[in-house]
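Data first, discussion second: the structure below is written as structure tokens.
Please read these numbers as outputs of a predicted model, since none were measured by experiment. Every number for a ligand or one of its atoms is a count from 1 in the order of the listing.
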Amino acid sequence: MAESAPVITLDGPGGAGKGTLALALAQRLGWQVLDSGALYRAMGLIGARAGWSPDVAADRTAAADAAAQLAVSFEITPDGIRVSREGEDITETIRSSEVADQASQWAAVPAVRDALLARQRAFAQPPGLIGDGRDMGTVIFPDAACKFYITASAEQRARRRLAQLSMPKTTDKIGKLYNEIETRDARDREREASPLKPAADAVVIDTSDDDPSSSLERLLAEVSRQGIA
Ligand code: DC
């Protein structure tokens with residue numbers, strides 16, 4: 001199955017720097033971006049508002065129906081990627097820890113993942129797409145032109161998430177975030193439906209000791225080495 005436009009995939013655990021890198025790559029190449037985590041977060045928000053539980057069969061069916069109709073769009077702005085759903089700007093709402101936890105639970109429901117498959121593939125439009133997620137290179141875009149697996153130590157990822165949440169950086173909060181991140185990562189890695197893992201043909205980039213600009217240069221060097229853009 002060939003994509004209708006070139007795709008570069010960035011998979012990896014939360015807080016490894018994928019979002020920042022996906023945006024920077026998209027800006028540098030003039031391509032579109034798919035923040036697939038935002039789709040699962042939107043599902044977390046919809047489920048919470050509707051009072052659905054991933055443990056209830058009828059709620060899973062309702063969530064899969066909602067996922068099949070999910071209309072989320074991304075806009076690249078000077079301040080980052082804005083996420084909208086049916087006219088509502090949900091950029092900030094979907095960043096909360098509660099929504100993240102809900103998202104990770106819905107992301108383990110196969111019917112929800114199946115319902116989002118075609119919607120995600122439809123984002124591959126000329127001139128090209130940067131796909132950011134957990135299964136971009138393994139399941140959604142297996143024929144992507146270039147695949148990366150972006151990782152970093154759990155402690156670094158907790159620090160970056162804390163910086164994003166702009167809270168005081170106490171040891172207490174870092175510890176709490178570290179535990180939350182580990183719990184979500186374990187769920188993402190251990191689930192049966194499209195678990196988080198590097199594609200066999202992915203280039204692994206560890207960003208633990210990098211600042212964003214040096215990680216970006218490493219990605220761009222690989223993209224140009226592969227003759228993609
Ligand atoms: O990248 P993120 O933190 O916004 O992702 C939110 C949740 O969705 C996280 O638990 C992983 C899950 N997810 C997924 O299962 N598949 C994707 N392609 C993207 C995210």
Side-chain angles (χ1 to χ4, degrees), residues 7-23 33-48 54 60 63-64 66-67 70 72 74 80-85 90-124 129-142 144 147-152 154 156-165 177-199 202 207:
V7 177
I8 297 175
T9 58
L10 271 61
D11 289 308
K18 280 177 296 141
T20 308
L21 288 170
L23 174 62
V33 68
L34 163 61
D35 173 1
S36 60
L39 304 185
Y40 291 97
R41 285 171 183 264
M43 288 309 303
L45 184 63
I46 292 169
R60 288 197 295 273
L70 187 67
V72 164
F74 303 102
I81 301 172
R82 308 287 320 168
V83 188
S84 304
R85 176 190 167 241
I90 56 170
T91 315
E92 271 84 37
T93 323
I94 60 171
R95 290 295 132 204
S96 72
S97 293
E98 293 73 27
V99 171
D101 183 62
Q102 287 282 313
S104 143
Q105 294 189 45
W106 288 110
V109 175
V112 168
R113 301 199 75 87
D114 289 350
L116 288 176
L117 192 90
R119 303 203 82 72
Q120 294 179 82
R121 288 190 178 147
F123 277 90
L129 179 73
I130 313 295
D132 161 1
R134 304 290 189 289
D135 61 348
M136 297 288 99
T138 49
V139 176
I140 309 296
F141 301 113
K147 300 179 185 178
F148 292 103
Y149 188 83
I150 313 291
T151 184
Q156 267 301 341
R157 294 188 288 116
R159 286 184 185 283
R160 288 176 190 164
R161 274 284 147 102
L162 190 64
Q164 278 172 355
L165 295 174
L177 264 182
Y178 181 95
N179 290 337
E180 285 176 10
I181 283 182
E182 289 276 272
T183 305
R184 284 204 297 272
D185 283 355
R187 202 185 282 143
D188 292 340
R189 279 199 184 94
E190 288 159 18
R191 69 180 176 223
E192 275 184 30
S194 310
L196 168 65
K197 62 172 182 200
T207 66

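With hydrogens left out, the protein atom closest to atom 7 (C) of ligand 1 is A103 CB, 4.0 Å, a heavy atom. Nearest protein heavy-atom neighbour of atom 16 (N) of ligand 1: R113 NH2, 3.0 Å. For atom 8 (O) of ligand 1, the closest non-hydrogen atom of the protein is Y40 CB, 3.4 Å. For atom 12 (C) of ligand 1, the nearest protein heavy atom (residue, atom name, distance) is A107 CB, 3.8 Å. Protein heavy atom nearest atom 20 (C) of ligand 1, with residue, atom name and distance: G37 CA, 3.5 Å. Scanning all protein heavy atoms for the shortest distance to atom 6 (C) of ligand 1 gives R41 NE, 3.8 Å. Remark: minimum distance from atom 19 (C) of ligand 1 to any protein heavy atom is reached at S36 OG, 3.3 Å.
The CZ atom of F123 sits 8.0 Å away from atom CG of L129, with the distance rounded to the nearest 0.5 Å.
Heavy-atom proximity to atom 9 (C) of ligand 1, evaluated over I94, D188, D35, is greatest for D188. The heavy atom nearest to atom 17 (C) of ligand 1, out of those in M136, Q120, R134, R95, is found in R134. Evaluated by nearest non-hydrogen atom to atom 10 (O) of ligand 1, the leading choice among S194, G12, S104 is S104.
Annotation: R184 places no N or O atom under 3.5 Å from an N or O atom of ligand 1; distance criterion only.
With salt bridges taken as basic N to acidic carboxylate O contacts below 4.0 Å, none links E182 and R187.
Neither the backbone nor the side chain of Q105 has a heavy atom within less than 4.0 Å of ligand 1.
With hydrogens and angles disregarded, a donor-acceptor distance shorter than 3.5 Å links the side chain of R121 to the backbone of I140. Judged purely by atom type and a 3.5 angstrom limit, R119 uses its side chain to pair as donor or acceptor with the backbone of L70. Checking side-chain atoms of K147 against main-chain N and O of P198 turns up no donor-acceptor pair under 3.5 Å.
No hydrogens or angles considered: nothing links the side chains of S104 and R184 as a donor-acceptor pair under 3.5 Å. At a cut-off of 3.5 Å, with distance as the only test, no side-chain donor of R85 or T93 sits close to an acceptor on the other residue.
In terms of heavy-atom proximity, R113 sits nearest to D135 at NH2-OD2, 2.9 Å.
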